[in-house]
Each structure stands twice: as C-alpha cells, then as structure tokens.
Amino acid sequence: MSNLVHRQRTLVGLGLVLTTSVVVGPVHAAGADPAATAPSHRVISVVHKISEVTGSSEVRREETGDRVEVALSAGILFGKDSARLSASAERRIAEAARSIREAGSSAVAVAGHTDDLGSAGHGLSLSQQRADAVTRVLQRHLPNKVRLSARGYGEARPVSDNGHEAGRKQNRRVTLTFHRGR
C-alpha cells in the first residue's frame, strides 16, 4: 500500500471549474527510524486545472513545484487556420499576464502547437505565427523586465490523439510556461 495521500478539490464559479490535486508523501527526520517515528508530510506535487463548466478545456493551468503552465485553446484565440487574434483573445491573454505578474516571474516561454492536419511545414509556420501573436499581446501587459521567448512546435508535441476532432482541438493551443519567483 502506498504512503502517498492524494487530495482533490473542485470549485465551480464564474463559468470555470478549478480542480486542484495535491499529492502528499511522508517525510522522516534525517537518521530517524521510519518505523519508530510518525512521519510528517510534504507536498510532492500540486496540479490546478481550469476548464469551462461545459466540460471543454479552453484554458488549462497546471502547477508543479514553482513551474506553471497555462494552455490556451487556439479556438478561443484564433480563427480556423489563422494567426489573427479573436476579439476575446486580448482579455484571455491579459488574464494570463496577470497570473505571470502575480507569480513574480522574470521569463515566459510562449509555445504554439497545432494538430496534424495539413503539411508539417504549414503547421510549424502557423504555430510560430500564433506564438508570436500571443507574445506581442503579453508584451503590452507585462513589465519590460520580463523576458519573452516564442517558439512554434507545429504538430511535434501533441497532448491528445490527432485521430479524432476532440483530440485535434486539444492539440491546437498556445502554452505559456513560467516559474514563480524567478
């Protein structure tokens, strides 16, 4: 039987679902006999996942240690096969920028991703254009001291199966990765 304790909590409000999963494991004092002492516990990982109440995953946030990744669905940022930002994209990106400022991060990696429809070259180009578009908006909402890098990965890093539309939709995204306090 595992000594790990998994706790999960879900909060619903303002049209979003926030699911927090915490994995806690025992920690014994150095040199102490684990069988003779009651263990204290430390957080091994924390994952926050934000999704629309409808069950879609338009915005996803995961935290592990001090690393934070926010994934924005391309469907809420761009039109089909386009790198032109939608009317609501600025607000979504500004919300992400607020999280970055609150975290005290000094660097953000912006990564564009596509599904595997079309040529690999087209997907790579489109993903770079989308990462660049999001980076331009972030520049307006973040202090100049925050370093931004943009990179398109095309179809190279899928998070779901490209064999069906639901999976392809999850793969079309822009991720923002940053660290708290650095």
Identify, with sequence neighbours excluded, every residue that meets side chain to side chain contact (heavy atoms under 4.5 Å, CB included) alongside [X].
X      : result
Asp116 : Glu155, Asn162, Arg168
Ala131 : Val110, Ala150
Glu102 : Arg98
Ala97  : Arg101, Leu138, His141, Leu142

Please enumerate all residues that pass side chain to side chain donor-acceptor pair (under 3.5 Å) together with [X], with sequence neighbours excluded.
X      : answer
Ser160 : Gln170
Arg91  : Glu95
Ser82  : none
Ser125 : Gln129

Are the side chains of [X] and [Y] in touch, meaning some heavy atoms are under 4.5 Å apart?
X      : Y      : value
Phe78  : Val174 : yes
Val70  : Thr175 : no
Ser106 : Arg147 : yes
His164 : Lys169 : no

Honestly curious: do Phe178 and Val146 fall in one hydrophobic cluster under the side-chain, below-4.5 Å linking rule?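 Phe178 and Val146: one cluster.
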Would you say Val68 and Leu148 are hydrophobically clustered, going by side-chain heavy atoms of ILVMFWY under 4.5 Å? yes
Worksheet item: So, for Ala83 and Ala133, which heavy atoms are closest and what is the spacing to 0.1 Å?
Response: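 Minimum heavy-atom separation between Ala83 and Ala133: O-CB, 3.7 Å.
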Checking [X] side chain against [Y] main chain: does a donor-acceptor pair fall under 3.5 Å?
X      : Y      : value
Ser86  : Ile76  : yes
Arg67  : Glu62  : no
Ser73  : Glu58  : no
Asn171 : Thr114 : no
Ser119 : His122 : yes

Sorted by chain and number, sequence neighbours left out, salt bridge (charged side-chain N to carboxylate O under 4.0 Å, His left out) with Arg151 holds for none
Which residues pass the salt bridge (charged side-chain N to carboxylate O under 4.0 Å, His left out) test with Arg173, sequence neighbours left out?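 Result, salt bridge (charged side-chain N to carboxylate O under 4.0 Å, His left out) vs Arg173: none returned.
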Residues pairing under ring-ring contact (aromatic ring centres under 6.0 Å, His included) where one sits in residues 86-115, two or more places apart or in two chains, turn out to be His113-Tyr153
The reported gap from CD in Gln139 to CD1 in Ile93 (rounded to nearest 0.5 angstrom) is 11.5 Å
In this structure, CG of Asp66 is separated from NE2 of His179 (nearest 0.5 Å) by 5.0 Å
Review point. Can you list every pair that meets salt bridge (charged side-chain N to carboxylate O under 4.0 Å, His left out) and has a residue in residues 130-142, with sequence neighbours left out?
Key: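 Residue pairs passing salt bridge (charged side-chain N to carboxylate O under 4.0 Å, His left out), neighbours aside: Glu90-Arg140.
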